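These notes concern the structure reproduced below.
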Amino acid sequence: MSKPLFTDSGIEIKTLYTKGDQQTTANDDPGVFPFTRGVQPDMYRGKLWTMRQYAGFSTAEESNKRYHYLLSQGVNGLSVAFDLPTQIGYDSDHALSEGEVGKVGVAIDSLEDIEMLFKGIKLEEVSTSMTINATAYILLAFYVALAKKQGADLKKISGTIQNDILKEYAARGTYIYPPKSSMRIITDIFEWCSKEVPKWNTISISGYHIREAGSTAVQEIAFTLSNGKAYVQAALQKGLDINVFGKRLSFFFNAHNNLFEEVAKFRAARRMWAQMMKDLGATDPKAMMLRFHTQTGGSTLAAQQPLNNISRVTIQTLAAVLGGTQSLHTNGYDEALSLPTEEAARIALRTQQVVAFESGAPDTVDPLAGSYYVEALTKEVEEKAWQLIQRINAMGGSVSAIEQGFMQDEIARSAYEYQRKIESGEKIIVGVNKFGSTEEKSIPVFRVDDSIREEQVKKLNALKSRRDSNNVSTSLERIRQDAIDGNNMMPAVVEAVENYCTLGEIADVLRGVFGEHK
């Protein structure tokens, strides 16, 4: 039993309020199907959400310093941002990497970089989330190879790779291979992880980037859950057990400023996914639970009067917590200007801590349940999302809908409409189209030096001169052969990274087999 909690006025707060406390029709209990009110019976009374701060920039050495700083400030989960070349399978010395190395995330070319990235951090003791998609299989192999070097029990290491390639075609653009080949890589990861790293979340099905590209809250969950269904169907076709891999699926959502709609969105998404998984054959309740990470809305941040972004992020943090998130990253107030400074990252983390320990929001399960407004909105968001999913199903599912440009067109239409409303003044953005200020306070910005690339290339050349070139060519050939023969490629990829094959070399082998998506 958790200890009693009281309001500042000394009123005891019950762990759970039900229909008897209010004469409205409350939904089902939390922790049971269809999980509208949350995936845990006592939610944050039992355990707070994981507080993550998304970080990664410049070199592995610089990012490692930021990770140690964040861990010292109370972060309990790391979240890694990778630079663009790493995301699309190019080493730092590739011609297309010029001007991008270390800019939007950390540059990772080899196992050596991962060793540096996590220097002094025991992988068994942290949960690590990696925002990586087309090259997720390589980054996972790097992480596993490092865990083995640390002597960690692979059955205990935990974390998440985003690994959600469908939203890349629909909204974000960091794909390499054609959709069907990408789906093959993803199901290889599902299969391999279920045996080798059973606590690892093999995919984080992302609505975040769909929302950042301009979708509405309804579109965000409709397209995300539809993509989730496509991954489940691909895994089922491979003969995998939905009750096993279903427990390792996680989601990644955005939190915007409309507090009540966002809470309704999270509640509706849980209910919908539970039903979807049941319809696909899941019988284990844990395989029907929608567990999700939330990030506050990057696209809602304004470059004008950037300190206002602290208030926006606070509202979004509340939306995520009131909506029942399992994990949360809060954006720095300066991120419309640059990567977050250390000060901005600290304030962002403190925002989560204030909500956790001072606001009272986590004290009871699903505190907005039974609100006439929130319940009606949850139902309405759900109904509209199902309508969109039915349209996608009629096209043959997410892969077909993306190939036909349906999702892309819907997102573009919503983005245009939202911008039109801002420009016409129908939608007020404080400090942007109303309540402007002539006194703009100068905000210090974080800059990544262009010399980072030279440093990475030097390290890469030194590594290539030291490693065993016979082992490298044998390892790469094994990956190529497994790709052609239809074998699970993950064991060969892990072996390749242990022999210090680079990210670009491994990605190129599969470019040769699968081709590139145009």
Side-chain angles (χ1 to χ4, degrees), residues 86-91 94 108-112 114 130 132-149 154-155 157 161-166 168 174-198 200-203 230-241 244-245 248 399 463-464 467-517:
T86 304
Q87 292 181 48
I88 51 178
Y90 294 123
D91 289 333
H94 194 284
I108 299 293
D109 294 320
S110 72
L111 178 56
E112 226 172 47
I114 285 284
M130 296 191 272
I132 196 74
N133 296 285
T135 53
Y137 65 104
I138 307 172
L139 270 302
L140 174 62
F142 283 149
Y143 196 85
V144 166
L146 175 59
K148 284 163 80 173
K149 284 189 89 165
L154 294 189
K155 301 279 190 279
I157 66 164
I161 38 173
Q162 192 162 100
N163 198 28
D164 171 9
I165 205 66
L166 291 177
E168 295 297 326
T174 65
Y175 44 73
I176 302 174
Y177 316 110
K180 289 185 174 66
S181 303
S182 294
M183 294 294 276
R184 144 93 194 273
I185 296 169
I186 287 167
T187 53
D188 277 6
I189 292 169
F190 285 1
E191 182 179 52
W192 184 80
C193 286
S194 68
K195 299 183 188 97
E196 303 298 327
V197 275
W200 195 266
N201 295 322
T202 48
I203 194 166
Y231 295 124
V232 171
Q233 287 171 325
L236 289 170
Q237 279 162 14
K238 195 157 183 163
L240 303 184
D241 183 347
V244 175
F245 74 79
R248 300 269 49 101
V399 177
L463 171 73
K464 286 178 178 176
R467 66 187 186 175
D468 185 321
S469 55
N470 287 333
N471 284 351
V472 168
S473 48
T474 306
S475 298
L476 294 174
E477 179 52 31
R478 186 184 162 198
I479 295 172
R480 195 180 76 84
Q481 211 49 58
D482 281 348
I484 292 166
D485 295 344
N487 299 330
N488 192 307
M489 293 178 282
M490 281 306 297
V493 175
V494 173
E495 179 192 278
V497 306
E498 289 176 326
N499 285 320
Y500 290 92
C501 294
T502 70
L503 173 121
E505 288 168 338
I506 296 167
D508 279 348
V509 168
L510 295 192
R511 279 186 178 96
V513 178
F514 299 142
E516 291 188 73
H517 179 69

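Given the structure is predicted, the values throughout are model-derived calculations rather than measurements. Numbers here simply count residues along the sequence, with the first being 1.
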| said: Restricting to side chain to side chain contact (heavy atoms under 4.5 Å, CB included), what partner residues turn up for P491, sequence neighbours left out? | reply: W192, R478, N488
| query | Step by step, would you call Q481 with N487 a side-chain contact (heavy atoms from CB on, under 4.5 Å)? | reply | CA-CA 8 Å; Q481 211 49 58; N487 299 330; over 6 Å; no
| request: Kindly determine whether E196 and V494 satisfy side-chain contact (heavy atoms from CB on, under 4.5 Å), including the steps that lead there. | output: CA-CA 12 Å; E196 303 298 327; V494 173; over 6 Å; no
Would you check if [X] and [Y] make a side-chain contact, meaning some heavy-atom pair closer than 4.5 Å?
X: R467; Y: T502; result: yes
X: E191; Y: M490; result: no
X: I176; Y: H517; result: no
X: I189; Y: I161; result: yes
X: I114; Y: L139; result: yes
X: I108; Y: L503; result: no

Quick one: [atom1] on [X] to [atom2] on [Y], what's the gap to the nearest 0.5 Å?
X: L166; Y: I186; atom1: CG; atom2: CD1; value: 6.5 Å
X: L476; Y: D508; atom1: CG; atom2: CG; value: 9.5 Å
X: L146; Y: L111; atom1: CG; atom2: CG; value: 6.5 Å
X: I132; Y: Q87; atom1: CD1; atom2: CD; value: 5.5 Å
X: E516; Y: L510; atom1: CD; atom2: CG; value: 11.5 Å
X: K464; Y: Y500; atom1: NZ; atom2: OH; value: 15.5 Å

| Does the ring of Y90 carry R511 above it, NZ/CZ under 6.0 angstrom from centre and within 45° of its axis? | yes
| message | Quick check against the 3.5 Å criterion: does N133 have a side-chain atom that pairs as donor or acceptor with the backbone of D164? | response | yes
| task | Give a yes or no answer on whether the side chain of T174 reaches the backbone of A134 with a donor-acceptor pair at less than 3.5 Å. | result | no
| task | Can you label the angle between the Y137 ring and the Y177 ring as parallel, tilted or perpendicular, going by 30° and 60°? | result | tilted
| query | Where does the angle between the aromatic ring planes of Y143 and W200 fall among parallel (under 30°), tilted (30 to 60°) and perpendicular (over 60°)? | reply | tilted
To check you understand the geometry: which heavy-atom pair defines the closest contact between [X] and [Y], and what is its length?
X: I484; Y: V513; value: CG1-CG1, 4.1 Å
X: E505; Y: V472; value: OE1-CG1, 4.3 Å
X: D109; Y: F142; value: O-CZ, 4.0 Å
X: L240; Y: F190; value: CD1-CB, 3.7 Å
X: L154; Y: V144; value: CD1-CG1, 3.9 Å
X: A136; Y: N163; value: CB-OD1, 3.5 Å

| message | side-chain contact (heavy atoms from CB on, under 4.5 Å), that's the test. Do V493 and I479 meet it? Break it down for me. | response | CA-CA 6 Å; V493 175; I479 295 172; 4.0 Å; yes
